[in-house]
Enquirer: 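To start, I am sharing the structure in question, which I have written as structure tokens.
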Amino acid sequence: MASESASVIQRSQVDLLDFIDWSGVECLNQSTNHSLSNALKQGYREDDGLNLESDADEQLLIYIPFNQVVKLHSFFVKGPEEEGPKTVKLYSNREHMGFSNVNDFPPSDTVVLSPDNLKGKPAVLKYVKFQNVRSLAIFIEDNQSGSDITKVQKIALFGTT
Amino acid sequence: MVLEATMICVDNSEWMRNGDYTPSRFQAQSDAVNLICGAKTQVNPENTVGIMTMAGKGVRVLVTPTSDLGKILACMHGLEIGGEMNLTAGIQVAQLALKHRQNKKQQQRIIVFAGSPIKHEKKLLEMIGRKLKKNNVALDIVNFGEDDDGKTEKLEALLAAVNSNDTSHIFHVPPGANALSDVLISSPIFTGDGEGGSGFAAAAAAAAAGGASAFEFGVDPNLDPELALALRVSMEEERARQEAAAKKAAEDAARQDKGGEQKSGSQVTTMTENAGASASEADNKRNDLTDEDNALLQQALAMSMDEPSSEHNSRDTDMSEAAAGDPDLALALKLSVQDGTKEPATEADMGKLLADQSFVSSILASLPGVDPNDPSVKDLLASMQSQSESQDKKDEDKQPKEEK
């Protein structure tokens with residue numbers, strides 16, 4: 001059921017995986033063995049055993065540039081119940097962000113993920129704010145249980161070009 | 001060829017006055033800093049390096065990350081020693097300076113010279129380290145100078161907090177005979193995290209180790225075979241050219257010998273030194289050649305060859321000594337040296353020289369394809385002679401006028 005409603009929402013949307021410019025993808029505070037490709041790349045992200053994990057603390061800052069302008073409709077984060085992300089802030093078209101300037105300007109959208117989301121329900125975004133996206137910064141502020149390490153199994157972005 | 005922006009935190013506290021590193025801790029540190037700057041900019045010209053002080057009047061950035069080596073070396077020059085080092089503030093300011101680097105694609109690195117005791121707690125250092133790791137900044141720590149209990153432990157803890165993927169290192173340099181720079185040269189700071197070594201590092205290491213395992217020209221033939229080959233070929237060409245020049249110089253020296261000048265021995269050696277050839281070659285060539293006219297031409301040729309002006313001047317002095325016994329030779333030398341200047345003296349000399357028919361005809365005889373008995377040549381000579389005579393007359397006219 002959840003998957004059906006998910007496919008209904010995404011009817012006209014495509015997975016933006018093909019439009020990601022992999023040469024510019026960066027992730028701050030990721031653990032060396034558990035890197036961003038485990039959550040983003042085709043094949044790796046389907047494997048629930050391979051996670052993106054945070055390193056020094058629980059925050060993560062992911063930067064994804066696209067090779068063309070896209071419109072972002074919704075996104076989908078899968079993670080374990082306890083260490084999965086909770087508050088996620090998205091910034092469109094902001095390059096070279098660091099943890100020090102995430103609070104300097106307001107995010108294009110903020111999503112608080114519930115355990116449902118973590119199981120498979122995509123989070124719909126404010127579509128009007130993401131009409132002209134060249135790059136996306138995903139700031140994972142904290143996780144469900146407040147532990148020191150945040151784990152993410154899969155990140156998928158949906159939208160149109 | 002990692003693209004990197006580096007901030008070097010220099011310790012200029014009072015503890016740096018100590019002389020347990022020659023000549024003083026501060027000097028040793030300066031040398032190391034200079035070497036690091038050179039190495040970083042050489043391994044990749046787009047690398048930038050910045051310098052800041054942690055003690056003195058306070059934590060202060062002297063140079064923001066730049067690839068201009070001159071600026072960096074200049075600011076190390078006037079540094080003063082004093083105060084106490086503030087490690088945490090220093091690292092934080094360095095991190096801020098790196099954050100505002102111009103080229104965001106550069107990897108961030110901080111190199112800290114920790115020479116004085118550390119008054120911060122271990123926990124604080126670990127927190128700083130984690131913050132650095134979170135922001136993807138690498139840290140190299142050079143532990144030298146003071147060694148109070150806990151310092152090493154604190155620095156190791158800091159390194160453990162920062163280190164991700166072995167990009168950060170710590171180096172303990174005990175005081176002793178080895179200079180600080182020498183120890184660092186063989187460390188990953190210079191060898192770029194084990195990439196295989198830059199040319200700079202190899203050359204510097206060779207110089208430090210006494211050239212035991214030095215590559216020729218400081219370039220590893222394995223790393224860059226084409227460059228090594230090009231360097232070798234150009235070196236051999238240069239040697240061959242210098243040998244040829246030395247041969248000519250030696251021949252000229254042989255002419256001067258024939259003039260009967262005793263000083264020519266020393267001149268020969270100076271001249272051959274100028275030409276860059278060995279003295280033995282000069283001895284061999286001295287006994288060849290007998291034609292005096294050829295010698296004059298050879299000298300003129302040698303003078304007109306591309307020589308640096310200093311060599312030219314020294315040759316003048318050498319030649320003038322040798323030419324004391326030979327007036328024609330002196331004139332020829334004057335002419336070839338003052339070629340291009342329009343002094344009346346030279347013109348007069350020129351006139352006198354050309355008036356000397358025998359000299360001119362001898363020169364012409366040695367020129368290929370010119371027959372002095374050819375009527376056109378004779379006409380030319382006659383016209384030149386008349387010109388020189390009229391010039392002499394003009395000079396004579398001028399002189400009485402000047403006297404008046």
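Throughout, protein chains are lettered first and strands after them, A, B, ... in sequence-line order, and every chain is numbered starting at 1.
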Enquirer: Considering residues, nucleotides and ligands other than A:Tyr44, do more than 12 of their heavy atoms fall under 6.0 Å from its OH?
Expert: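 Counting other residues, nucleotides and ligands, OH of A:Tyr44 stays at 12 neighbours or fewer.
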Enquirer: With a 4.5 angstrom heavy-atom cut-off, which part of B:Lys131 approaches chain A: side chain, backbone, both or neither?
Expert: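 For B:Lys131, neither part sits under 4.5 Å from chain A.
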Enquirer: For B:Asp149, look at atom CG and say whether over 12 heavy atoms of other residues, nucleotides or ligands are found less than 6.0 Å away.
Expert: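 12 or below, so no.
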Enquirer: Counting only heavy atoms not in A:Gln131, do more than 12 fall under 6.0 Å of its CD?
Expert: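 Buried by this count: over 12 neighbours within 6.0 Å.
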Enquirer: On a heavy-atom basis, which atom in B:Lys133 and which in A:Ala56 lie closest, and how many Å separate them?
Expert: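 Looking at all heavy atoms of both residues, the shortest contact is CE-CB, 4.4 Å.
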Enquirer: Determine the minimum heavy-atom distance between A:Thr32 and B:Asn165, stating which atoms define it.
Expert: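 Closest pair (atom of A:Thr32, atom of B:Asn165, distance): CG2-OD1, 2.9 Å.
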Enquirer: Take a 6.0 Å sphere around CD of A:Glu46 and say whether it holds more than 12 heavy atoms from other residues, nucleotides or ligands.
Expert: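 Yes - once you tally the heavy atoms of other residues, nucleotides and ligands closer than 6.0 Å, there are more than 12.
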Enquirer: Looking at B:Lys134 and A:Asp57, is there a salt bridge between them, counting it only when a charged N and a carboxylate O are closer than 4.0 Å?
Expert: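 Here A:Asp57 pairs with B:Lys134 in a salt bridge, since their nearest N and O are under 4.0 Å apart.
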Enquirer: Once you round to the nearest 0.5 Å, how far does NZ of B:Lys99 lie from NE2 of A:His96?
Expert: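 So the gap between those two atoms works out to 13.0 Å.
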Enquirer: At what distance, to the nearest 0.5 angstrom, does CG of A:Leu61 lie from CG of B:Asn136?
Expert: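 If I round to the nearest 0.5 Å, the distance is 11.0 Å.
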Enquirer: Give a yes or no on this: more than 12 heavy atoms of other residues, nucleotides or ligands lie within 6.0 Å of atom CD of A:Gln68.
Expert: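 Above 12, so yes.
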